[in-house]
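Note on naming: letters A, B, ... go to the chains in the order of the sequence lines (proteins, then strands), and numbering restarts at 1 for each one.
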Amino acid sequence: MTDPHQPAPPRPTSRDVARAAGVSQATVSLVLGGKWPGRVSEATARRVRESAAELGYRPNLAARSLRLGRTRTALLVVPALTNEFFARVYTGAAAVAAEHDFGVVLYPSPDGTGPARDPFASARASLDGVIASSMASDALSALHGADLPLVMLDSDPAGTDAAAHVNLDIADGMRQVTDHLLGLGHRRFVHLASAVDTWTFAVRAGALREAVDAVPDAEVRTVRAPLDVRAGREAAEQALT
DNA sequence: ACACTTTTCAGACCCTTAAT
DNA sequence: ATTAAGGGTCTGAAAAGTGT
């Protein structure tokens with residue numbers, strides 16, 4: 001039974017592990033950091049691991065970051081996770097990050113208005129990189145000049161100074177959809193477009209227009225609607241009537 | 001004496017708080 | 001107002017240990 005009024009016992013440090021294993025703190029660091037082969041004997045390494053397990057030792061990440069000047073943390077900036085697509089983006093990013101011993105912190109850009117306060121003031125100091133959707137550009141502008149490596153999702157490859165871009169082949173997808181419908185004999189299209197003006201939507205619209213224009217008697221009309229299901233349904237119903 | 005392996009030392013990281 | 005200490009971890013260099 002633990003007394004909630006008693007302060008928690010101090011967390012064991014690498015020094016405690018070293019004392020328990022009868023080695024120096026440096027040896028603990030080597031062993032637990034996986035850099036011991038060739039530097040520390042097998043028997044010593046085992047002793048260190050056993051002591052660490054016994055004490056329930058976990059490295060102090062703040063101290064590690066202090067030493068390394070890195071946090072192994074990336075910020076993911078996307079629109080709300082209620083959108084399934086971005087929920088999957090997060091899952092994928094977190095999985096890949098974990099493979100590289102990185103963590104992912106999520107910043108869902110508030111709907112419409114952008115961040116209430118600059119959420120990145122501390123982020124600038126505690127992040128090693130940013131992954132951002134172009135659809136969260138409001139939030140992203142707050143990061144301007146943060147001097148962090150930036151990976152852009154779904155955005156104009158020529159548009160930003162990002163270190164890398166990850167884009168779907170949107171144009172080809174749009175072409176395939178349009179060709180399919182044209183093949184079925186359809187000729188009059190409504191493009192229910194987002195009212196949000198981003199590169200990814202412009203590419204879709206361009207590919208659609210191009211595919212339709214290639215067929216002499218086909219036509220496309222564009223209707224814009226806010227980017228949510230209810231508004232989309234209303235706009236679709238209106239277009240159909 | 002020498003080569004090689006294993007372990008330790010010492011300083012850097014950067015910010016906060018206490019002491020001067 | 002300025003200086004010094006402390007926090008935990010990591011790593012290159014140095015020291016200690018072992019075997020031939």
*Asks:* A:Ser14 near the nucleic acid: base, sugar-phosphate alone, or nothing, with a heavy-atom cut-off under 4.0 Å?
*Replies:*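 Sugar-phosphate contact only - A:Ser14 comes under 4.0 Å of backbone atoms but never of a base.
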
*Asks:* In whole Å, I'd like the distance from the CD atom of A:Glu42 to the C1' atom of B:dT6.
*Replies:*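 It works out to 14 Å between those atoms.
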
*Asks:* Tell me which nucleotide among B:dT7, B:dC9, C:dT9 gets nearest to the side chain of A:Ala26.
*Replies:*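 Of the candidates, B:dC9 comes closest.
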
*Asks:* Would you mind classifying the nucleic acid contact of A:Val28 as base, sugar-phosphate or nothing, using non-hydrogen atoms under 4.0 angstrom?
*Replies:*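 A:Val28: no heavy atom of the nucleic acid under 4.0 Å.
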
*Asks:* State plainly whether one hydrophobic cluster holds both A:Leu168 and A:Leu208, where clusters connect Ile, Leu, Val, Met, Phe, Trp and Tyr through side-chain heavy atoms under 4.5 angstrom apart.
*Replies:*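 A:Leu168 does not cluster with A:Leu208.
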
*Asks:* Taking the side chain of A:Ser41 as its heavy atoms from C-beta onward, which of B:dC9, B:dT6, C:dG8 lies nearest to it?
*Replies:*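 Of B:dC9, B:dT6, C:dG8, B:dT6 is nearest to the side chain of A:Ser41.
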
*Asks:* Which residues, if any, of residues 47-55 of chain A bring a heavy atom under 4.0 Å of DNA chain B?
*Replies:*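 DNA chain B contact set from residues 47-55 of chain A: none.
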
*Asks:* Among C:dT11, C:dT9, B:dC9, which nucleotide has an atom closest to any side-chain atom of A:Ser24?
*Replies:*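 Selected nucleotide (nearest to the side chain): B:dC9.
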
*Asks:* If every non-hydrogen atom of A:Val212 is compared with every non-hydrogen atom of A:Val220, which pair is closest and at what distance?
*Replies:*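 For A:Val212 and A:Val220, the tightest heavy-atom pair comes out as CG1-N, 4.1 Å.
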
*Asks:* Any salt bridge between A:Arg46 and A:Glu50, counting N to O under 4.0 Å?
*Replies:*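 No.
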
*Asks:* How many Å lie between OH on A:Tyr57 and C1' on C:dC10, as a whole number?
*Replies:*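 Going from A:Tyr57 (OH) to C:dC10 (C1'), I get 10 Å.
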
*Asks:* In this structure, how many angstroms lie between the C1' atom of B:dT8 and the CD atom of A:Gln25, rounded?
*Replies:*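 For the pair A:Gln25 CD and B:dT8 C1', the rounded distance is 10 Å.
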
*Asks:* Start with the C-alpha distance between A:Arg49 and A:Glu42, add both sets of side-chain angles, then the distance that settles salt bridge (charged side-chain N to carboxylate O under 4.0 Å, His left out), and finish with yes or no.
*Replies:* CA-CA 11 Å; A:Arg49 280 193 295 266; A:Glu42 174 67 55; 3.6 Å; yes

